[in-house]
Amino acid sequence: MPRLREISRSEVTDDYVLGLYNMLFGDRDPVADPGTATGTPGNWWTVFAQVPDAFKHTTEGFGFYRSANRKLDPKLRELGQIRAGYAVGSQFVYSQHSKAMRFEGYSEEQVKAIPNWQVADCFSDVERAVLAYTDCLVLERGRVPDGVFAALKQHLGEVEILELTYITCTYMMHAVMSRALQLEFDDVPEPVVEIPAPDDATADVMGMVDKRKDANP
């Protein structure tokens with residue numbers, strides 16, 4: 001379950017939110033009867049609906065990156081979005097944009113290579129530059145070496161780079177929020193937990209190192 005409350009259809013008073021509920025869920029109450037056409041539970045929408053102007057702001061952002069006014073190639077945009085999702089560790093963003101990559105014409109090999117793009121030979125020079133730049137934005141929090149930026153500028157103009165930066169950072173935010181609020185496919189157990197030792201185990205988990213030294217004076 002998400003960490004924040006979902007808003008049922010009967011609670012919606014904002015026309016913009018209601019319009020999107022109608023588009024996504026038909027006449028269903030998405031809290032009582034969840035699910036979207038893309039196979040997601042749909043609770044990203046129902047949680048964001050708690051703040052209608054935030055709901056509108058962020059959903060209009062989807063229209064921004066898909067607008068015909070964008071100079072950035074949609075294929076390169078998708079590379080930034082999916083790699084941002086993977087780097088943050090958001091199963092939701094990664095899963096959704098795996099499908100979006102295929103829609104934009106990427107091969108199955110390329111989709112599957114996103115986690116290990118650094119050693120994959122299925123990406124072009126500009127695609128590799130975009131992926132490297134994305135890692136700098138997400139993993140290095142914007143610390144971009146001159147060499148990476150120079151490689152990017154060999155292929156993209158300034159408007160394209162600004163659009164790529166904005167869209168990629170937006171999807172880093174979406175990935176972080178999805179994990180923090182346990183939305184959609186990020187409603188998963190924490191993988192980093194203690195595994196109990198046997199009942200008769202020593203509390204000194206590295207004691208074996210001392211025993212090895214004693215055995216080899």
Side-chain angles (χ1 to χ4, degrees), residues 1-70 72 74-106 111 114 134 137-138 163-193:
M1 296 290 292
R3 284 174 159 163
L4 298 180
R5 190 173 70 87
E6 298 180 70
I7 302 302
S8 65
R9 174 181 289 277
S10 63
E11 296 177 85
V12 175
T13 58
D14 183 88
D15 289 341
Y16 183 87
V17 175
L18 185 60
L20 276 174
Y21 268 40
N22 290 336
M23 182 180 71
L24 291 163
F25 308 113
D27 58 1
R28 286 183 290 119
D29 176 0
V31 178
D33 187 7
T36 69
T38 62
T40 67
N43 55 43
W44 186 95
W45 307 90
T46 55
V47 167
F48 257 87
Q50 286 203 52
V51 186
D53 50 351
F55 184 101
K56 183 177 182 181
H57 180 271
T58 194
T59 54
E60 286 180 341
F62 302 149
F64 169 85
Y65 81 73
R66 296 174 66 89
S67 168
N69 293 331
R70 300 285 70 78
L72 181 66
K75 293 189 70 172
L76 299 180
R77 175 200 76 209
E78 283 299 331
L79 283 184
Q81 289 171 304
I82 189 173
R83 181 62 190 180
Y86 182 84
V88 168
S90 169
Q91 187 165 252
F92 177 47
V93 174
Y94 174 73
S95 177
Q96 292 297 88
H97 286 274
S98 292
K99 300 168 182 63
M101 273 190 72
R102 294 187 188 97
F103 180 81
E104 292 295 344
Y106 283 103
V111 175
I114 288 298
T134 297
L137 292 175
V138 180
E163 291 179 352
L164 173 64
T165 305
Y166 179 77
I167 294 166
T168 300
C169 288
T170 298
Y171 268 77
M172 177 174 67
M173 178 197 73
H174 284 311
V176 168
M177 292 185 68
S178 182
R179 291 192 67 191
L181 302 180
Q182 295 184 350
L183 303 176
E184 306 288 357
F185 300 141
D186 288 318
D187 184 10
V188 293
E190 169 59 53
V192 183
V193 296

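Computation of the quantities below employed the complete heavy-atom set of this structure, encompassing side-chain atoms and omitting hydrogens, waters and symmetry-equivalent molecules.
For Gln81 (side chain) and Thr168 (main-chain N/O), no donor-acceptor pair under 3.5 Å exists by modelled atom type. A donor-acceptor contact shorter than 3.5 Å is absent between the side chain of Glu104 and the backbone of Pro74.
Gln182 meets the side chain to side chain contact (heavy atoms under 4.5 Å, CB included) test with Arg3, Asp187; sequence neighbours excluded. With sequence neighbours left out, the side chain to side chain donor-acceptor pair (under 3.5 Å) criterion links Tyr166 to no other residue. Here Phe48 pairs with Trp44 under the ring pair (Phe, Tyr, Trp, His ring centres under 6.0 Å) rule; sequence neighbours left out. Residues that satisfy the ring pair (Phe, Tyr, Trp, His ring centres under 6.0 Å) test with Tyr106, not counting sequence neighbours, are absent from this structure. Contacts of Tyr21 classified as side chain to side chain donor-acceptor pair (under 3.5 Å), with partners at least two apart in sequence or in another chain: none. Listed by chain and number, the residues in a side chain to side chain donor-acceptor pair (under 3.5 Å) with Arg5 are Glu11 (sequence neighbours excluded). Considering only residues two or more places apart in sequence or on other chains, Arg102 meets the salt bridge (Lys or Arg N to Asp or Glu O under 4.0 Å) condition with Glu108. Listed by chain and residue number, nothing satisfies the salt bridge (Lys or Arg N to Asp or Glu O under 4.0 Å) test with Glu6 (two or more places apart in sequence, or in another chain). Taking the salt bridge (Lys or Arg N to Asp or Glu O under 4.0 Å) definition, one finds that Arg28 meets it with nothing, sequence neighbours left out. Not counting sequence neighbours, Lys56 has no partner by the side chain to side chain donor-acceptor pair (under 3.5 Å) test.
Within 6.0 Å of atom CZ in Phe103, 12 or fewer heavy atoms from other residues, nucleotides or ligands are found, so the atom counts as exposed in its surroundings.
Among residue pairs with one or both ends in residues 78-91, those qualifying as salt bridge (charged side-chain N to carboxylate O under 4.0 Å, His left out) are Arg83-Asp135; sequence neighbours excluded. Within the structure, the salt bridge (charged side-chain N to carboxylate O under 4.0 Å, His left out) test picks out no pair touching residues 167-181 (sequence neighbours left out).
Distance check: Trp45 CH2 to Thr40 OG1 gives 8.5 Å after rounding to the nearest 0.5 Å.
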